[in-house]
Amino acid sequence: MEPSINLRHAIEQRRAVRSFQSTLIPPVILSEILRLGLRSPSGFNLQPWRFIIVRSLDSKEKLQACAFNQRQVTEAPVVLICCSDRRVSEPDYIESVIQLGRDKGSINDSYADYIRTAIPNAFEQHPSFDSIEAWTNRQAMLAVAHIMIVAQTYGVDSCPMEGFIAAEVKAKFNIPEEVDVCCLLALGYATQPFKKYGGRFPVEQLCYAESYGEGWKS
Ligand SMILES: Cc1cc2nc3c(=O)[nH]c(=O)nc-3n(C[C@H](O)[C@H](O)[C@H](O)COP(=O)(O)O)c2cc1C
């Protein structure tokens, strides 16, 4: 199933949508959005993201009550509870990643041995992150970004949301203690018009040449 909107237009058209039509997302499109979105990269290919796909009105109302009653939670035909699982450094899970790589021919014995120690070491020493939650969150949000962009190429609008009470979402949706809720993502078809575009700072203001703060010009 080919997307109807090219990548550049999808990126330029994507807006955080606050109001959705009741039109459902065809299951085949939703499946493709999830499949392609989950092609997102992750450290050691650990794929710590987990998504709960919420479609029933009952569940959406339950979720809305944990999300400051944001209207898009019940209006959107699909809301993803985007989670990240801190248990991905456990040996059994690492073995499952190794097996996956072996099945695809990308992991040999020596790389398997390397990651069996490198992953626990990285999580113990965590030189590039403060906590495991920060690491798993970082990975999961990349997947969320992939999903939003892929969705837009299929004409499916989205709204990422951090306005929710994580403890309540975890309790109501049976989310284990070691799993964190990164954000909610509403998916569906926007009612027009969008809220006015808030704009972005110019590239030169946000990108530096060679060291932080040094002016960059293309
Ligand atoms: C991590 C994250 C959390 C957000 N949380 C909310 C939210 O709880 N409610 C909401 O209406 N919009 C939320 N937004 C949407 C932003 O307000 C929106 O992306 C931003 O204003 C830029 O607008 P645009 O995406 O339409 O360009 C969130 C966006 C991100 C990336």
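The analysis underlying the following values was restricted to heavy atoms, covering all of them including side chains, and did not include hydrogens, waters or symmetry mates. Note that the structure is a prediction, hence the values are computed from the model and not measured.
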Minimal non-hydrogen separation, [X] against [Y], with atom names:
| X | Y | result |
| --- | --- | --- |
| Ala122 | Pro127 | O-CD, 4.1 Å |
| Ala140 | Ser84 | CB-CB, 3.8 Å |
| Ile5 | Ala10 | CG2-N, 3.6 Å |
| Ile33 | Val150 | CA-CG1, 3.8 Å |
| His146 | Gly37 | CB-O, 3.4 Å |
| Arg138 | Ser128 | NH2-O, 2.7 Å |

State whether the side chain of [X] and the backbone N or O of [Y] hold a donor-acceptor pair below 3.5 Å, judged by distance alone.
| X | Y | value |
| --- | --- | --- |
| Gln70 | Phe68 | no |
| Lys62 | Lys172 | yes |
| Lys170 | Glu177 | yes |

- line: Applied to residues 199-218, the salt bridge (charged side-chain N to carboxylate O under 4.0 Å, His left out) test, sequence neighbours excluded, yields none

- request: Could you note down all residue pairs passing salt bridge (charged side-chain N to carboxylate O under 4.0 Å, His left out) where residues 30-39 supplies at least one of them, sequence neighbours left out?
  value: Glu32-Arg35

- request: With sequence neighbours excluded, tell me which residues meet side chain to side chain donor-acceptor pair (under 3.5 Å) with Ser19.
  value: Arg71, Glu75, Thr191

- request: Name all pairs fulfilling the ring-ring contact (aromatic ring centres under 6.0 Å, His included) condition that reach into residues 152-183, sequence neighbours left out, sorted by first residue then second.
  value: none

- prompt: How would you list all residue pairs meeting ring-ring contact (aromatic ring centres under 6.0 Å, His included) that involve residues 80-122, not counting sequence neighbours?
  reply: Tyr111-Tyr114

Do [X] and [Y] make a side-chain contact, defined as non-hydrogen atoms from C-beta onward lying under 4.5 Å apart?
| X | Y | answer |
| --- | --- | --- |
| Val79 | Phe20 | no |
| Thr153 | Leu36 | no |
| Cys183 | Val144 | yes |

Please enumerate all residues that pass salt bridge (Lys or Arg N to Asp or Glu O under 4.0 Å) together with [X], with sequence neighbours excluded.
| X | answer |
| --- | --- |
| Glu12 | Arg8 |
| Arg50 | none |
| Glu178 | Arg87 |
| Arg55 | none |

query: Who passes ring-ring contact (aromatic ring centres under 6.0 Å, His included) against Tyr208, sequence neighbours left out?
result: Tyr212

Pairing residues for His9 by the ring-ring contact (aromatic ring centres under 6.0 Å, His included) criterion, not counting sequence neighbours: none

In Å, rounded to the nearest 0.5 Å, how long is the span from [atom1] of [X] to [atom2] of [Y]?
| X | Y | atom1 | atom2 | answer |
| --- | --- | --- | --- | --- |
| Ser158 | Ile147 | OG | CD1 | 10.0 Å |
| Ile107 | Asp113 | CD1 | CG | 11.0 Å |
| Ile94 | Leu46 | CD1 | CG | 6.5 Å |
| Asp157 | Met148 | CG | CE | 12.0 Å |
| Leu80 | Leu185 | CG | CG | 5.0 Å |
| Leu187 | Gln152 | CG | CD | 10.0 Å |

- request: With sequence neighbours left out, write down each residue that passes side-chain contact (heavy atoms from CB on, under 4.5 Å) with Gln139, or none if nothing qualifies.
  value: Ser42, Pro48, Trp49, Trp135

query: With respect to Gln47, which candidate in Leu38, Val88, Leu100 satisfies the side chain to side chain contact (heavy atoms under 4.5 Å, CB included) definition?
result: Leu100

message: Could you check whether Asp180 pairs with Arg86 (Lys NZ or Arg NE/NH1/NH2 to Asp/Glu carboxylate O, under 4.0 Å)?
response: yes

- prompt: Cluster question for you: counting only ILVMFWY and a side-chain heavy-atom cut-off of under 4.5 Å, with indirect links fine, are Val179 and Leu184 together?
  reply: yes

task: Determine, step by step, whether Ile175 and Cys83 satisfy the side-chain contact (heavy atoms from CB on, under 4.5 Å) criterion, reporting the C-alpha distance in whole Å, the side-chain angles of both residues, the deciding distance to 0.1 Å, and the verdict.
output: CA-CA 9 Å; Ile175 298 173; Cys83 305; 4.0 Å; yes

field: Derivation and outcome, side-chain contact (heavy atoms from CB on, under 4.5 Å), residues Ile29 and Met1
entry: CA-CA 8 Å; Ile29 291 185; Met1 151 108 15; 3.7 Å; yes

